[in-house]
Participant: 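To start, I am sharing the structure in question, which I have written as structure tokens.
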Amino acid sequence: MRFFIAAENDPAETRTAMVPDVVSKLCGLDGEVAVQAGIGRSLGLPDAAYAEAGAAVEPATAAGEADVVMRLNPPSREDVARLRRGSVHIGLLNPFRNGPVVRELADAGVSAICMELIPRTTLAQKMDALSSQANLAGYAAVILAAERLDRILPMMMTPAGTIPPAKVFVIGAGVAGLQAIATARRLGARVEAFDTRPVTAEQVESLGARFVTVDLGETGETDDGYARELTAEQLERQRQAMARHAAAADVVITTAQVFGRPAPRILTRAMVEQMRPGSLVVDMAVETGGNVEGSEAGQETDIGGVR
């Protein structure tokens, strides 16, 4: 069997599908392993490191000779055209937003294994790609906000006076939200958090944050652990409560997503405009439609002095 690990097409992508240490394990199986030239460039990993691990370094066209092709992000149309009929493609596919790519893979006779759709069970925990990346993203969101905020996060006593701690409001207490809460608390911020699932209150409070209670009526979570989609009335009631807490916060981090559907709109433009100029909003759901009106993927926007 021949394996090929492809490099990422997006110049803004800093991750890679496989590092040399893992390539060496793959090379230990009964098969040939090749990686695309430049696969580790964003991480400072030279092609020589992959060659030392036992892989051949080849151009992108070599994917057409492989039985199994692995990559991180969904393939482009050109990538799909290179794959041979009967091969297997493994990676993040985002099938609910990439229908045309899914159809092209099917038409090309390629079996696509979508990492996002692996059930979230104890048995498959090591293959839970969404949770691992959400965990890292929750940490990165707080670091990003701390670097851009016009004040420090922890309380600090100085000879000139005391600086109060910054206020961070996290919306959504899933994997990303809990990591954001923990990171903000470690940096000394005063943290509040909200989730439509009351069961998460204990987790939020165990991290030293205050859980914001909003009476939404009947809510809950799916069998897979995701929040259930709210009704229009519940969303409006939630927005009204969110507006008060967001207006008092220096940093708002939104993480709310519904599996397989567009992200719910939680903060309207009017709500953002009520926040203090100089405060920040990090919309972690922007790639699936966004929780915040006015947010754009990969962009920093300014709404009345709020970034």
Side-chain angles (χ1 to χ4, degrees), residues 3 5-6 8 10 13-26 29 39-40 42-43 68-75 88-98 101-102 105 111-144 170-184 193 195-197 199-204 206-207 219-229 253-264 282-289 291 297:
F3 298 92
I5 303 97
E8 299 306 308
D10 186 353
E13 178 60 79
T14 58
R15 299 170 297 173
T16 186
M18 202 168 292
V19 294
D21 285 348
V22 181
V23 166
S24 65
K25 295 178 182 179
L26 189 59
L29 302 177
I39 185 175
S42 63
L43 296 174
V68 178
V69 176
M70 306 176 194
R71 63 163 40 83
L72 182 63
N73 290 303
V88 176
H89 183 281
I90 303 175
L92 299 174
L93 194 56
N94 199 359
F96 300 107
R97 295 179 65 83
N98 286 313
V101 172
V102 174
L105 285 165
S111 297
I113 297 178
C114 179
M115 295 298 293
E116 299 103 309
L117 297 184
I118 294 177
R120 297 175 75 180
T121 65
T122 302
L123 183 64
Q125 195 167 21
K126 288 186 177 181
M127 294 184 286
D128 189 350
L130 288 182
S131 292
S132 71
Q133 299 308 289
N135 206 358
L136 291 165
Y139 165 83
V142 176
I143 299 302
L144 181 74
V170 179
I171 301 175
V175 176
L178 290 173
Q179 182 58 249
I181 292 167
T183 303
D195 195 285
T196 59
R197 301 163 297 164
V199 69
T200 62
E202 185 177 350
Q203 296 171 301
V204 168
S206 72
L207 294 172
T219 60
E221 60 184 14
T222 66
D223 294 338
D224 295 323
Y226 296 99
R228 293 190 185 279
E229 189 171 17
I253 298 174
T254 67
T255 72
Q257 302 204 51
V258 180
F259 188 70
R261 299 186 178 219
V282 182
D283 186 350
M284 293 186 61
V286 67
E287 291 184 347
T288 56
N291 297 145

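None of these values were measured; they are calculated from a predicted model.
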Participant: Decide if atom CG of Leu123 counts as having more than 12 heavy atoms of other residues, nucleotides or ligands within a radius under 6.0 Å.
Facilitator: no
Participant: Would a 4.5 Å heavy-atom cut-off, applied to side chains only, mark Gln125 and Ser131 as touching?
Facilitator: no
Participant: To check you understand the geometry: which heavy-atom pair defines the closest contact between Pro264 and Val258, and what is its length?
Facilitator: CD-CG2, 4.2 Å
Participant: For Thr255, give me all partners under side-chain hydrogen bond (donor to acceptor under 3.5 Å, both in side chains), at least two apart in sequence or on another chain.
Facilitator: none
Participant: Holding to side-chain hydrogen bond (donor to acceptor under 3.5 Å, both in side chains), I want the full list of residues that pass it with Asp283, two or more places apart in sequence or in another chain.
Facilitator: Thr254, Ser295
Participant: Under the rule for side chain to side chain contact (heavy atoms under 4.5 Å, CB included), what residues qualify as partners of Ala112, not counting sequence neighbours?
Facilitator: Leu93, Leu105
Participant: side-chain hydrogen bond (donor to acceptor under 3.5 Å, both in side chains) with Thr16: which residues, sequence neighbours excluded?
Facilitator: none
Participant: Using side-chain heavy atoms (C-beta onward) and a distance below 4.5 Å, is His89 in contact with Arg71?
Facilitator: yes
Participant: Only counting residues at least two apart or in another chain, list the ones meeting side-chain hydrogen bond (donor to acceptor under 3.5 Å, both in side chains) with Ser24.
Facilitator: none
Participant: With sequence neighbours left out, write down each residue that passes salt bridge (charged side-chain N to carboxylate O under 4.0 Å, His left out) with Glu13, or none if nothing qualifies.
Facilitator: Arg15
Participant: So, using side chain to side chain contact (heavy atoms under 4.5 Å, CB included) as the criterion, who are the partners of Thr122 when residues are at least two apart?
Facilitator: none
Participant: Sequence neighbours left out, what passes side chain to side chain contact (heavy atoms under 4.5 Å, CB included) with Val88? Give chain and number order.
Facilitator: Val68, Ile90, Ser111, Ile113
Participant: Partners of Ala173 by side chain to side chain contact (heavy atoms under 4.5 Å, CB included), sequence neighbours excluded?
Facilitator: Leu178, Asp195, Thr200, Val204
